[in-house]
Every structure is written in structure tokens, then in C-alpha cells.
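Lettering of chains follows the sequences in order, A, B, ..., and the numbering in each one begins at 1.
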Number of protein chains: 2
Amino acid sequence: MRARGVNQTGGTTTIIDVAHAAGVSTATVSRVLNGDSRVNPTLAAKVQRAVNKLGYRPSRAARTLRTQQARVWALIIPDVSNPHFTDMVRGIEDVAYSAGYSLILCNTDADAEKERTYLELALAEHVVGVILAPTSPDPSLIEEMLSRKVSIVTVDRRIASGMLDGAFVNNVAGAEQAVDHLLARGYRHLACITGPTDTTTGRDRLDGFMAALRRNGVELDDPAFVRIGDFRESGGKREMEGLLALPVRPDAVLVANNLMTLGALKAVVAAGLEVPSDMAIVGFDDSAWNAIVHPPLTCVAQPAYDLGAESARLLLSRIEGHSGPNREVMLVPTLRIRESTAGRSSRAPTRSGPAMRGIRPSVDDTGSGVGRGDDPARARQVDTVSPSRRSGANERRDRATGRTKGAGGTR
Amino acid sequence: MRARGVNQTGGTTTIIDVAHAAGVSTATVSRVLNGDSRVNPTLAAKVQRAVNKLGYRPSRAARTLRTQQARVWALIIPDVSNPHFTDMVRGIEDVAYSAGYSLILCNTDADAEKERTYLELALAEHVVGVILAPTSPDPSLIEEMLSRKVSIVTVDRRIASGMLDGAFVNNVAGAEQAVDHLLARGYRHLACITGPTDTTTGRDRLDGFMAALRRNGVELDDPAFVRIGDFRESGGKREMEGLLALPVRPDAVLVANNLMTLGALKAVVAAGLEVPSDMAIVGFDDSAWNAIVHPPLTCVAQPAYDLGAESARLLLSRIEGHSGPNREVMLVPTLRIRESTAGRSSRAPTRSGPAMRGIRPSVDDTGSGVGRGDDPARARQVDTVSPSRRSGANERRDRATGRTKGAGGTR
DNA sequence: AGAAGATCTGTAATCGATCTCCCAAAACGA
DNA sequence: TCGTTTTGGGAGATCGATTACAGATCTTCT
């Protein structure tokens, strides 16, 4: 008995073999396989039987060549090893899988050249869609995509022109929530470590930070309290060290992503200082670890999985022919309050004993609204132990694939 | 001025257009593009100029159809959102990228059916190679792969038959190191939460645990101290709760992966107990967070990035024609000692354990204290080679341990 | 000079599936 | 019965690159 899908000659089973076996033409086989209803049921059955017997699998390359459309999406992101993007990728993959598309994974490392290479690859591969978390994409390539009818959506970050569909998190609101929270907890000397200002995520988070300060009538103590990092651990560390070296230090810092938060935290510890008694920290991005780091980290949690899933749905709808005006889905981040912003100890800002575990902050805190952050009556935030995938919190209704409970942490 | 790569008719620029523009035949264009040295330099230059002017990009579909080889690898793993696999993926992607291959990403969620689907996809896509972190692959599909000359390697986990190249971590040794360390720190009542026993990772880690106990003349207190988890956070939590519910509890637990460690830690905290005074914990897998969780976690760190990179190199060498006996690359894990195994507190609260060795108060948490174990008994590990690998354990010793400078945490 | 190589270059078959034509047969109407 | 419409299905062109083979040109040697 020979292996499935291999014919006598050792080559691949082709549509011709099937047609032969079923005593019909290749056209008929193709029609049956593509669900053309006009075929005689009897013949269709015969074809099906032949297909099964031979273990025939159509060649995607041939189909792609003929139809000029590969059932493949290119997924172009800065770095899979960043948990934020990782979760996004899962969201995308789940939607893509259930719609029958596969993904080509492309890490740009925020390098414009690699990004360009991958966009060209996407064209050469005839992918039918592209999901791009842009760094600094070549506009002419984007245009070429569009003129070649390749659907393309952005995710996580916007590109300048705003001519594409996209799914984003409301970063301004997220940063505002964080600032409101810090102020409510009594911090007054706030600093911000944000990301590169050529990314919308970097800019928006800084904008939200500044806007919330302004709205609350609080001034920035020192221009040097605004630091531009690189979204990496090393950058977070460096910028935090910069802050610590200032003559007058901030008492609270908003750090604009997960890796920089890590670096910042390490810098604080390395300096022999304590969080939050010497300095409070709010991070961006939640992770399963944030609840058990020392101290547990208050953060602006982004619905990364849903972000990915939403972008995938946008892409899907474009591929399936939707052609309305551009749509941008804006998801709402959630402030998760933990101990790294426990509040200014009423006693002087000196050192207070070892890690004050167990200061369970009473969650009376205002200024943590969803959305605009200017509504005084709002739901209180509680630390939800289960990571990310909290339900609700976004503006769109159906989230079909919730990807049940920790599915697949398998190793 | 028209967009690059699009010709007058609005269609894609093809090799024919280039041939036309350069005044040569398509064969010559193809030769130039594929670096056939026999072409006249003058002509080659003319072709190159035409290529540039037209923005020509060869169609991968056509090339794939003709050569029956897509410059694509299928990467089939349980779950990208597990940091361990994420790092592996990065290692693989970097090698693939620099060799000019792209990756199709496939998450199986440890589901045999999805795994099967993706293996079939790989065949249909004519991928030239597959990297598989197996769950329970259909042997007949593997055979078909081989008979169709699709290169395939395994990574992270072995499959039963051992008929494939693969890159693995020495899990037995890793678990042994962990146990030796726990014993040296004075713990005597050890338990283990391992993974599904149909994975080699689950089995090997348990084997190492048992072997080290035996070698040290320590008995397992209770058969219930061996727990089979599911490699997920929920499973780690559940099994730890199981341990805590026992009449006599262990004083130290080895947990066989990152997510279960997280769950286990949360279970301990939820029970109002402390690590390490009430219970020591050693995890598997390091992460940037492990150094700052509370308490900092001792763990067996796996070189996940290199694991991926090695598997990619194995695949590459097969694709490029290597046809020796099967090779298995075995990487050595590293014990990172932190505070979660600080040693039995002298006022042993619950039970009176046997005498212990001195407590080491100072602890490395830089994450760089590679293998600085305090256990003289520990077997020194050298790059191990599986029986089937004759020579050349060292031919790859100089793995350019990738990824310096924290490449790409960008967001 | 002429023959035998050596070196380029072009022609055309080929990969496998899709899909436009077009024909044959069946169904229908008068 | 004959003409017209409907329907099912086959032949073959086509997608774009690769490559075996053949032809053309240039060397080199007798």
C-alpha cells in the first residue's frame, strides 16, 4: 500500500490523475473541488471517491499562479518575542486559521530595511492580505499593494496617511487613565518614559500623559521628566537611570511599554530604591507575571489578543470584497491597579522599611475611567488575576473565538 | 509615473516584460536572476537595468510550481504565546531570514487534529522544510513528507521513532541539576509537577527528577508527590493545590515549565504560604521577569533561542543536500539560582527535617550566574550527543549565540 | 582553412490548477 | 417534428518562471 498522495511515478498526485481515475475531465474535478453546483451528483461522488482514494491535495502553488491569489497573509511585526505582539499574533492566527488562511511571519526588528524586504516578499508571494504593525513603511510599496489589489490593514500603530483600515488601542486614553490614577494616589511629580516619537504608540502615550497633566492642572516639574526610550529593556533602564540622576527626582513614572518597564524597574532596584515608596511605576501592557513581580505592577493592560483578532477580521472583510470607507477599530485599554502605585506614604518620602507587602490599596481611587477619563462615576478596577484575556472592555460586540482558558501553554 | 512592478496593462510585471525591455530571451533573464555565471556581463547588466527600471519581482508561485520547491518552511508548534516557543521562533526566524526562507506559522494548541491539518497544509504548499515541535504527529504523514523529499526536523520534543534530525535540551540533566540544588540547600521532601507523559519534555523532566533522588539516596515521601500537569498555568495551579492539600506537604517542588510555575506560585500565595520559607520552588524556563517576581525564581533556564536556531540550521543543512545519518543536537540547560530556593529556614516551622547544610544568604539574581551551582556533586555537563550522532559534536559548538543587544523589543 | 570544442543564448516544453469557450445532449415550446 | 433554450461537461489556453535541448558564435588546434 503506497503512501497517500503519491502516485505510481513517485511524483505528486495531480488533478489529472484524479480526472483519470474518475473518468472525467480535469475541469470537472476542479468544479467539484470548488463546489460548483452544476455538476451531476453522480459524477461528483465519483470524483470525491477518486480524490479520497488517491489522497489528492491540490497544489497551492498552481492555484496561486492561476488565480493570482495565495490563501496566505503576511504578518509583519517588529518582534514576535515581545509578549504584546505574541498575543496579537495568536489573535490573528486564530481568525486566519478558521477562515482557511495561513500566515507568513515576518519580524522587522523595527528596521525599515527589513520591513521593506518583507513587504516586497509579500508582493512576490502573491499573498492576498497583509497585516502590518508599521515601523516606517515605504509609502510607494503600500501604494503598490493597493494598486495590485492586495488587502492591507495596520495593527497596533497607525501610519501617517491613515488610508488603511486598522485596529488600535486608545493609547491616549490609556496614558490618561494612568496619570489620573497617579494623581489620585497623591503623586505630583510625574515623569514619562515613552517610545520613539515616530511611532504612534510612542507619541500617543506621551500625548495622553501631557494632556492628563494639563487637564488636572499639574505642571511638568522639569522638561527632562519626559524621556524618549526605544521600547526595549535597555532603553527603559537607561532612561530611568537618567531620571534617577536628576537633581530632583520624580515620584512617579509612567513607562510606555512592557520591556522598558522591566528595565526601569531593574534600574530602580539597582539604585537601592524601592517601588513604590521611593518611586511609583505604572507600566503599559499586562502580562501573567505582572501580578507576582515585586512589587506587583500597576499597568495599562492592552487587549492584545483582541487587537490581533480585530485586525484579522478587518482584513478578512476586505478580502471578501467589502469596499466601504476606511474603518479603524479602537479598543479600550484597562488600568490594572496593583501595588507599584500604592500611594505616597503619608510620612515623608524617605525610606520605609522592607517591602511593605500587604498594603492592599483601598480601591477608592478615582480617575481610572475607561475611555475619556473625565467621568467621575466609573467602575472600580480590581486586580484580575487572570491575565490579558479579560472579556468586555472593547467597543465591538462579538468576539467569536475567545480561545478558552489558557489554551495551549503546552510544552 | 507608474507604480513600480506594474506594467502598462495594470498586470504584474513578468519575466517576459523584462526580457522584452532588455532585448533578450526570458531564459537569459532567468539565468541572470539566478546567478548563472555563463551570461555575458554586458547582457547581464542590461537585464539588471531592465529589472530595476521595471521594478520586476519574480513570482514565487510560478517558481514554486516549476521547481516544486517553495522557499518556505512550515513552523508547527503548540503555541506562540508561550515565551519559550516565542524565543525559539525568533531563533528560527533569524536563521531562516538570512538564508532567504520565509516561515508559515502554525499553532497546534497541542491538538492532534490541528497538527494534522497543518502537516497537510505543509504538503499542499510544497514547503521545502518543516520544523515541528511535535504533539502527536501522524506517522503516516511524516512518512509521506520524507517520501516526498520534504525535509523535516523536530525541535524541543522528540518523536518516538527518532528517525528525524532534531534539536533538544537535555531535560533529564536539567531536572537533575534542580534536584541536586534543592538537596544541597537542605530540602528533603521533594515533589515534582511535570507535564503530560506523552511528551518527551514531560517524561524526561520527571525522569531526571527521579534519577537525581535515587542517585542521592533520597526517597520520594509519597507517590502523590509526583503530579502530572498539562504545561498550562491552570494545571500548575491545580496540581500545586493538590500538593498543598496532602496531609504532609513537600518542602520543595520542581515545576516543569514556565506557565505551570506561574500557576503553582499563585496557588501557594493564595494559600497564605510563603516561598521559600514554607515551600521552595524551582521552575523550568527563565524569563526576563523571573528575576523580579516575588520571590525571584530559581529555574532551569533553557537556551530557547539557540534551540530554535540549531533546529533551523539542521533543517538548512538537510535542504542543502546533507544526507548523513540522523543528527540530534542536545543543548545544555542552566540552573539560575535565585531566592525561591534560598534554603530551609532554621526555625523549620512545620516539620522537623533532617539536618541541613549551610544556608547561602546571598543570591545571584542577575540571571547571568550561569551554572554557578553550589553543588559539587553536580555532573558537569558538556555538549551531549545522542547515540546516533557519530562525530562533530563540536562542529557546531561555536553557535553564534544570536541576538545580542536585545534586538527588537520595539513597539 | 577547416574541424572540433567551448561558450553563450534562444526556443519551447513544463509544472498543476483554473476557467473561458464551445459542443452535445436534454428539455421545452409550438 | 423541428427549432430554441438550458444544462452539463470537455478541450485547451493560461498563469510566470525554469531548464533541457538545440542552435549560433567564437576559440583553438591540426
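When the P atom of D:dT7 is taken as reference, atom CG of A:Asp36 falls 13 Å away, rounded to whole Å. Here the P atom of nucleotide D:dT14 and the CD1 atom of B:Ile16 are 11 Å apart, to the nearest Å. Computed from coordinates, the A:Ile15 CD1 to D:dA11 P distance equals 13 Å when rounded to whole Å. Summarising the geometry, the separation between CD on B:Glu125 and C1' on C:dG16 is reported as 14 Å, rounded to the nearest angstrom. Between A:Asn34 atom CG and C:dC19 atom C1' there is a gap of 10 Å when expressed in whole angstrom units. Summarising the geometry, the separation between CD on B:Gln68 and P on D:dG16 is reported as 18 Å, rounded to the nearest angstrom. Distance, A:Leu33 CG to C:dA17 C1': 10 Å, rounded to whole Å.
If you check every strand for non-hydrogen atoms under 4.0 Å, A:Val29 touches nothing. B:Ser59 comes within 4.0 angstrom of sugar-phosphate atoms only, judged by non-hydrogen atoms across all strands, and of no base. Within the nucleic acid shown, B:Thr26 comes within 4.0 Å of at least one base atom, counting heavy atoms only. Looking at heavy-atom distances under 4.0 Å, B:Arg60 makes no contact with the nucleic acid at all.
At the phosphate of C:dT9, OP1 or OP2 sits under 4.0 Å from a side-chain N or O atom of B:Asn40. Proximity of B:Ser30 to the phosphate of D:dT18: a side-chain N or O atom is located under 4.0 Å from OP1 or OP2. Between B:Arg63 and D:dT18 there is a side-chain N or O to OP1 or OP2 distance below 4.0 Å. Look at A:Thr28 and you'll find a side-chain N or O under 4.0 angstrom from OP1 or OP2 of D:dG10. Within the structure, every side-chain polar atom (N or O) of B:Tyr56 is placed at least 4.0 Å from both OP1 and OP2 of D:dG16.
Proximity note for B:Leu43 (side chain, C-beta onward) versus C:dT9, C:dG10, D:dG10: the nearest is C:dT9.
Annotation: cation-pi geometry satisfied between B:Arg71 and B:Tyr101 (NZ/CZ under 6.0 angstrom from ring centroid, within 45° of ring axis).
With 3.5 Å as the limit, one finds no donor-acceptor pair spanning the side chains of B:Arg57 and B:Thr13.
The nearest heavy atom of DNA chain D to B:Thr67 and to A:Arg38 marks one nucleotide each, and the one closer to the 5' end goes with A:Arg38. Across the interface with DNA chain C, nearest-nucleotide mapping of B:His126 and B:Arg31 shows B:Arg31 to be the residue nearer the 5′ end.
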- prompt: A:Asp165 and A:Arg313: salt bridge (charged side-chain N to carboxylate O under 4.0 Å, His left out), yes or no, with the steps?
  reply: CA-CA 11 Å; A:Asp165 289 351; A:Arg313 285 190 202 106; over 6 Å; no
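For C:dT14, the base has a donor-acceptor partner in the side chain of B:Arg66 [N/O atoms by modelled type, under 3.5 angstrom].
Side-chain atoms of B:Leu75 and B:Ile104, non-hydrogen and from C-beta on, never get closer than 4.5 Å to each other.
Tested against A:Leu132, the residues A:Ile142, A:Thr108, A:Asp156, A:Ile77 include a single side chain to side chain contact (heavy atoms under 4.5 Å, CB included) partner, A:Ile142.
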